Amino acid sequence: MRSAILGVGSYLPQRVLTNDELARRVDTSNDWIVERTGIRERHIAADDERTSDLACRAAVAALKAAGREAKDVDLIILATTTPDLTFPATAARVQAELGVIQGAAFDLQAVCSGFVFALATADNFLIRGQAKTALVIGAETFSRIMDWEDRGTCVLFGDGAGAVVLEAGAGERGVISTFLRTDGRMHDLLYVDGGVSATGTIGKVRMVGNAVFRQAVEHISGAMLEACARAGVAIDEVDWFVPHQANQRILDGVARRLNIDAGKVVSTVALHGNTSAASVPLALDVAVRDGRIKPGDLVLMEALGGGLTWGAALVRM
Ligand code: UT7
C-alpha cells in the first residue's frame, strides 16, 4: 500500500513585484538580490486575496490533473504560516469552498518545511487506512507578514500556492520514505515577532539570514541522505530534486555537497522567490507541466524553515 501523487496544481497571484521596484523602497539593488539569492521577481496577493483563495485555486488544478472531484476527497491538510484568521483552520474554509463534505481538514504549521511535513502526515493517514484521497496543500501570503523596510527579508519572499492529490493504492507509485526533524533550540534564527499569545499582534518576519543559510545547507543535505537511506536508494538513483526555493546559493551548495548534477535540480526561485510552504509543490507543478518530471520518475523533495524544521520526502511519481 502506498500513497500516490495522482495530480499536481498551483496558483500564483497576478501581481509581480520586481527587484527594481523593491530597490525603490529599500537600500538594495537588482544586482545584489540576483547575485546573493537568484531571485528576480515574486508574486504578491491582491488585497482581497486570502491564503484560502490561493489554496483553492491550486487545489482545483490538482484535482483536475488527478481526474478526481471534491466528492472523492476525505482529508485536507493545508500547510501554512499565514492563515486567513487565527481560527478556524484555513483548511476548513478551503474544504467548504471546494464543496468537500466529508472527512477532516486541518492546518499544519512548519513554516517553509510545511509541505514536506504535510505530505508525510497525509501519507501516514492514508497508509493506516484513515483516509483514501487527500489534498495536501501549501499556501502562503507571506507579503502580509513582511517588514517592507527590512532589506534583509523583504526581498526574499513571495505569495503562492501548490497542491497535490494523494491517494492510497497498491503499486509502485507513491511516497516511499519521509524524514522530518525539528530543533526548537534554533527558533530565534527565523520567527515572526508577533502572535496571539505572546503579543496580541500579527508581527513581522525576523531572520538571522546567514546563520539560517549555514543550517540549511547542512541539514537539507542530511535530510536528503536520510530519506534515501530509509528507502535503500542511492542519491544518484534520484531522477529529480525538488527543493524548497529559498536561495539559489542554497540549492547550489547542497548539490555540490552531495555531488548532484545541477541539471536534475528544479529551480523556480528566480520567478517565485521564497513562497514558504508553497514553494515545493509550486516547483513540482512547474516541472510536471513542462514535461521534465514524468510518471515513474524518482523525485526527492526537501525543505528547511523556521523552528527550525527540516525534512525530505522520496516519491515515485
Ligand atoms: O525559507 C526559510 C529558510 N530561509 C533561508 O534559507 C534564507 C537563508 N539565508 C539567505 O538566503 C541569505 O543569508 C540572505 C539572502 C538572507 C543574505 O545573504 P548573505 O550573503 O548571507 O548576506 P548577509 O546576511 O551576511 O549580509 C551581508 C551584507 C550585510 O551588509 P554588511 O553588514 O556586510 O555591510 C547586509 O546588511 O549584505 C547586506 N544586505 C543587503 N544588501 C543589499 C542584506 N540584505 C541586503 C539587500 N540588499 N537586500
Side-chain angles (χ1 to χ4, degrees), residues 17-42 79-82 109-118 138-143 145-160 162 180-184 186-192 204-224 242-255 257 265 267-270 272-283 301-312:
L17 177 62
T18 64
N19 291 347
D20 285 334
E21 283 177 80
L22 281 165
R24 291 195 283 275
R25 289 191 197 181
V26 288
D27 183 13
T28 189
S29 65
N30 177 55
D31 287 351
W32 191 96
I33 302 170
V34 171
E35 189 188 312
R36 297 291 184 110
T37 72
I39 299 168
R40 294 180 180 276
E41 57 190 43
R42 68 289 290 143
T80 189
T81 305
T82 46
Q109 220 275 49
V111 205
C112 300
S113 310
F115 181 79
V116 173
F117 274 57
E140 302 277 18
T141 47
F142 249 60
S143 59
I145 52 169
M146 283 291 95
D147 176 348
W148 291 105
E149 292 178 358
D150 175 15
R151 67 177 184 173
T153 52
C154 77
V155 304
L156 303 173
F157 294 91
D159 300 336
L180 306 180
R181 180 80 171 87
T182 301
D183 188 340
M186 291 185 278
H187 74 276
D188 286 347
L189 294 185
L190 176 50
Y191 65 103
V192 166
K204 305 286 183 204
V205 173
R206 305 293 170 208
M207 177 168 70
V208 188
N210 45 20
V212 175
F213 189 102
R214 284 192 296 276
Q215 296 294 332
V217 175
E218 182 184 337
H219 292 309
I220 286 169
S221 305
M224 290 162 71
V242 182
H244 168 50
Q245 310 283 322
N247 185 325
Q248 185 62 44
R249 284 163 52 221
I250 296 178
L251 272 56
D252 296 341
V254 170
R257 205 174 169 125
V265 181
S267 175
T268 54
V269 70
H272 300 171
N274 180 346
T275 56
S276 184
S279 93
V280 169
L282 262 165
M301 306 176 213
E302 47 84 346
L304 175 135
L308 293 181
T309 52
W310 61 92

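Just so you know, ligand 1 is whichever comes first in the structure, and atom 1 is the first atom listed for that ligand. Just so it is clear, the structure is predicted and the values come from calculations on it, not from any experiment. Reckoned from all heavy atoms, side chains included, excluding hydrogens, waters and symmetry mates.
Annotation: side chain of V116 is in contact with side chain of L180 (closest heavy-atom distance under 4.5 Å). A heavy-atom distance below 4.5 Å is not found between the side chains of H219 and V254. Side-chain contact check for N274 versus H244: some heavy-atom pair is nearer than 4.5 Å. Counting heavy atoms from C-beta on, the side chains of S276 and V111 come closer than 4.5 Å.
For ligand 1, the 4.0 Å heavy-atom shell takes in D27, T28, W32, R36, T37, C112, R151, G152, V155, L156, L190, M207, G209, N210, V212, F213, H244, A246, N247, R249, I250, N274, L304, ordered by chain and residue number.
Between R206 and D147, at least one side-chain N (NZ, or NE/NH1/NH2) sits under 4.0 Å from a carboxylate O, which counts as a salt bridge.
For the residue pair E140 and T80, a side-chain donor N or O sits within less than 3.5 Å of a side-chain acceptor on the partner.
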